[in-house]
Amino acid sequence: MVKKEWRFDTLAVHGSEGIDPHTGAVSPPIYQSSTFAFRDSAHGEALFKGEASGYIYSRLGNPTEDCLEREMAFLEGGEAALAFSSGLSAEAALVMTLCSSGDNFVTSITVYGGTYALWKSFMPRMGIEPRDVRATHLDAIEAAIDDKTRLIFVETPANPNLDIIDIRGCADIAKRHNIPLAVDNTFATSALQRPLEHGADVVVHSATKYISGHGDTVAGILVGTREFMDRVRKETLNHVGFCISPFNAWLLLRGLKTLPVRVRRHCKNAMRVAQYLSFHPKVKKVYYPGLRIHPGHEIARSQMSDFGGMVAFEIKGTREDGKKLMDSMELCVLAVSLGDCDTLICHPASTTHSTYTAEQLAEAGISETMIRISVGVEDPRDICNDLGQALKRIG
Ligand SMILES: *Cc1c(COP(=O)(O)O)cnc(C)c1O
């Protein structure tokens, strides 16, 4: 049984209540089964009517997935959670549950590139209008709301420029207009930031990133009230089949056990890398909320317990120099995604955010020469040395 007084690091290890009642297995079993037998036909009927609780079919629910959802709800301080096949399917389910054709939602323009493409390319085909604003300006959010607005969606820290959005400020606007606020907590994770405590209604994760932590699966999570999670499951998830596989749910359960330990190391290493780059003569600008010069530093301090593992920077030089820098890396891996044990480096304008036009990049505060690093858990001296030898080769 999970105890009320348990702290975050303990919940991360024990929160899933994964010990198998039948065998005592300490690692939760993977229920790799698509369907579940009814005791008799009356039992089957009762399950379908919702009069009995139990499993029917894995698109509708699975014990390994349940274990993960319980644990994520504990870690975010929410009533319930839902697991999805990817971060984007979690986001799609959120919008598709709240919005119908003719409705709109307000979104930060500075979001994960795939999120932006889902909003701008897909949602309009459903008759749903995304209204993108620079959410660092709270008045821009408020100005975009009308009587057809069904959701406010922000990501903080934001991808890729580490913009910090004031969650409490957004929540106040959302409450005034009686609209739910969803916060994409992928960059910070529940280990550093729990948006529900700051007034958000729904938390979104690409669990592909820090929650998995090892670059071995794609998955997504929503956390919120029991009532709303039941609604998303019944009205959207069950119909469209955005469900997670039992094996992927298990990989996330395994990742969660070390989440607090890994995230502490990511933060420590990222601060080292940010400071190293700040003093490097070939670096023009560093984006890391842990640096006092970052415009969101004070807000980050008030809503996060540390500043995360993501750093972005611009070099003094051209886009070609940027390419040369990336091609000179020996330790840092040239790849999108983030939150892995391995340090990953990418150029957002040509990869993750290539769906943005030049104007949209400018509006979102994403420089064409920005380079993003997901700082891994290696020895920070080796990461800095690798950046140093690559920087030497340019300019
Ligand atoms: C990766 C990512 C997503 C999308 O998640 P997938 O698991 O790739 O579908 C959404 N938001 C953020 C902040 C991300 O980094």
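Every number for a ligand or one of its atoms is a count from 1 in the order of the listing. Heads up: numbering here begins at 1 and tracks the sequence.
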Main-chain N/O of H43 paired with D40 side-chain donor or acceptor, under 3.5 Å: yes
N/O contact list for ligand 1, threshold under 3.5 Å:
| unit_1 | atom_1 | unit_2 | atom_2 | d |
| --- | --- | --- | --- | --- |
| ligand 1 | 5 (O) | S206 | OG | 3.0 |
| ligand 1 | 7 (O) | G87 | N | 2.9 |
| ligand 1 | 7 (O) | S206 | OG | 2.8 |
| ligand 1 | 7 (O) | T208 | OG1 | 2.6 |
| ligand 1 | 9 (O) | G87 | N | 3.0 |
| ligand 1 | 9 (O) | L88 | N | 2.9 |
| ligand 1 | 11 (N) | D184 | OD2 | 2.7 |
| ligand 1 | 15 (O) | K209 | NZ | 2.7 |

Flag the pair F153 / V183 as yes when at least one side-chain heavy-atom distance between them is below 4.5 Å, and no otherwise. no
Does any part of the side chain of M126, heavy atoms only, come nearer than 4.5 Å to the side chain of S101, both counted from C-beta? no
Non-hydrogen side-chain atoms of I373 and L344 separated by less than 4.5 Å: no
K209 to Y112, cation-pi by 6.0 Å centre distance and 45° axis angle: yes
Salt bridge between D163 and R134, side-chain N to carboxylate O under 4.0 Å? yes
